[in-house]
2 protein chains.
Amino acid sequence: MLKKRNVMTIGTLAKTAGVGVETVRYYQRRGLMSEPEKPYGGIRHYDEQALARLHFIRASQWLGFSLDEIGELLTLQDGAHCDEARELGEQKLTSVRRKISHLQQIERALNELVQKCSAGHGDVYCPLMASLNDGVEDATTDKHKVR
Amino acid sequence: MLKKRNVMTIGTLAKTAGVGVETVRYYQRRGLMSEPEKPYGGIRHYDEQALARLHFIRASQWLGFSLDEIGELLTLQDGAHCDEARELGEQKLTSVRRKISHLQQIERALNELVQKCSAGHGDVYCPLMASLNDGVEDATTDKHKVR
DNA sequence: ATTGCTTCCGTAGTGAGGTACGGGTTTAAG
DNA sequence: CTTAAACCCGTACCTCACTACGGAAGCAAT
């Protein structure tokens, strides 16, 4: 007797993977997961592959890939496209590094402003506000778009 | 004769500040800028204060403040609320630091994966893909929500 | 058999920060 | 005087990743 191992409903699948039912359905609509055929009049069941797919998606998301990019990664699943996968990884790495250095600039500027505020100053005057009014002295004088 | 210095239309104002006209109008709707009274049947004009306000908003945004937070900062404009402003700055600083360290974890994980891919490996197998399938070994074994 | 939780399915709403559209008025240039 | 820009205004739409809603039907326990 073949025990169909770990057959799950969508609810169980979602809970096991730590996502919401709606999220699974959303991934299906996005084409990131397939919808299993449903036995006539009944309820779809999901197996470990579906669970693995969900894990794949969440792991990729954690690395900063968007759902569109994850769709692309999924087409490289067979392991025969390592170069393409690495390329995507490298692009993401570059963008992560850009974000880090942008945030570090902000960190420096903000830290300086907060320090100045903390160092008690005499009168009715706030260094932080003053800087916001005059333009924050961007540490590297490097103009960045906000978005 | 008083020369009303630098009276601008919304278009000039926007261009000078480097934002779109629609953006200025959007800030007005959000209550971050006031709409000057318009001379009967005519076109509103904006002065240097409006421009300064726009600079304030962009500087604050650059530091990572949301438009809601900027609204709050703007109520502290008189310089008499330095403590509150500093408090907001410190909170933002904390959140910026959290983002940086999160991104640094990602940077480490992604870098490792990309390195492994680059180090030529024999057969049809991709270390990056394998990690996505098995779960990325999060450097600090610290579970993060993706959002 | 009745209650009550799931599932199924489509559609719509959220939040952030805008951007675009369309129709009507001004104003400046030629 | 005519035309082209620029302004006014409200409303709708955009991205991203979900999340919520509502009604019908299935399934599990009492």
Side-chain angles (χ1 to χ4, degrees), chain A residues 7-47 50 53-54 56-74 92 95 99 144-147, chain B residues 7-47 50 53-54 56-74 92 95 99 144-147:
Chain A
V7 166
M8 295 171 273
T9 67
I10 196 173
T12 314
L13 172 70
K15 192 170 295 174
T16 307
V19 303
V21 168
E22 301 302 327
T23 303
V24 174
R25 287 180 32 68
Y26 175 67
Y27 291 164
Q28 291 173 337
R29 289 199 297 276
R30 291 280 304 233
L32 299 177
M33 299 186 63
S34 55
E35 292 187 63
E37 292 303 315
K38 67 172 177 182
Y40 286 103
I43 279 171
R44 300 178 205 283
H45 37 62
Y46 296 82
D47 61 8
R53 174 60 60 99
L54 232 22
F56 183 100
I57 294 171
R58 301 308 273 195
S60 305
Q61 268 190 314
W62 186 81
L63 287 175
F65 290 98
S66 70
L67 295 185
D68 277 354
E69 289 167 332
I70 293 168
E72 201 173 343
L73 282 174
L74 285 167
K92 191 51 60 180
S95 93
K99 279 183 202 165
H144 273 277
K145 281 264 173 189
V146 167
R147 300 186 64 194
Chain B
V7 165
M8 296 171 272
T9 66
I10 195 172
T12 314
L13 172 70
K15 192 170 294 175
T16 308
V19 303
V21 169
E22 300 304 325
T23 303
V24 175
R25 288 181 32 71
Y26 175 66
Y27 291 164
Q28 290 173 337
R29 288 201 296 279
R30 292 279 306 233
L32 298 177
M33 296 186 65
S34 54
E35 291 188 65
E37 291 305 315
K38 69 172 174 180
Y40 289 100
I43 281 174
R44 300 178 205 283
H45 37 63
Y46 296 82
D47 61 7
R53 174 60 60 97
L54 230 23
F56 183 100
I57 294 171
R58 302 308 274 195
S60 305
Q61 267 189 317
W62 186 81
L63 288 175
F65 290 98
S66 70
L67 296 186
D68 278 355
E69 289 166 332
I70 293 169
E72 201 173 342
L73 282 173
L74 285 168
K92 192 50 60 181
S95 93
K99 279 183 201 162
H144 273 276
K145 279 270 173 188
V146 168
R147 300 186 66 196

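All values derive from a computational prediction rather than experimental measurement. In what follows, every chain begins at residue 1, and chains take the letters A, B, ... in the order their sequences are listed.
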For B:Leu54 and B:Leu13 the tightest heavy-atom approach is CD2-CG, 3.8 Å
Under 4.0 Å between a side-chain N/O of B:Gln61 and OP1 or OP2 of C:dG18, yes or no? yes
Roughly how many Å is it from NE2 in A:His45 to P in C:dT6, rounded to a whole number? 19 Å
To the nearest 0.5 Å, tell me how far B:Asp47 CG sits from B:Met8 CE. 6.5 Å
I need the CD1-P distance between B:Ile10 and D:dA6, as an integer number of Å. 14 Å
Rounded to the Å, how far apart are A:Arg30 CZ and C:dG10 P? 17 Å
So which nucleotide from D:dC9, C:dG17, D:dC18 ends up closest to the side chain of B:Glu35? D:dC9
How long is the line joining CG of A:Leu67 and P of D:dC16, in whole Å? 9 Å
Is B:Thr12 close to B:Tyr46 at the side-chain level, that is, under 4.5 Å between some pair of heavy atoms? no
Could you state the CE-P distance from A:Met33 to D:dC18, rounded to the nearest angstrom? 13 Å
Give A:Arg25 one of three labels, base, sugar-phosphate or nothing, depending on what nucleic acid heavy atoms sit under 4.0 Å from its own. base
Presence of A:Lys38 side-chain N/O under 4.0 Å of D:dG26 phosphate oxygens OP1/OP2: no
Tell me: CD of A:Glu22 to P of D:dC18, nearest whole Å? 12 Å
Answer yes or no: does a side-chain N or O of B:Arg44 lie under 4.0 Å from OP1 or OP2 of D:dA6? no
Quick one: which of C:dG18, C:dT11, D:dA6 gets closest to the side chain of B:Thr9? D:dA6
Is there a side-chain contact between B:Ile10 and B:Arg25, using heavy atoms and a 4.5 Å cut-off? yes
Is any side-chain N or O of B:Tyr27 closer than 4.0 Å to OP1 or OP2 of C:dG17? no
Candidate nucleotides C:dA12, C:dC9, D:dA17, ranked by approach to the side chain of A:Arg29 - the nearest: C:dA12
Separation of D:dC9 C1' from B:Ile43 CD1 (nearest whole Å): 13 Å
Got a second to check how far B:Glu72's CD is from B:Ser66's OG, nearest 0.5 Å? 9.0 Å
Let me know the distance between CG of A:Leu13 and C1' of C:dT7, rounded to the nearest Å. 13 Å
Taking OP1 and OP2 of C:dT19, is either one under 4.0 Å from a side-chain nitrogen or oxygen of B:Thr23? yes
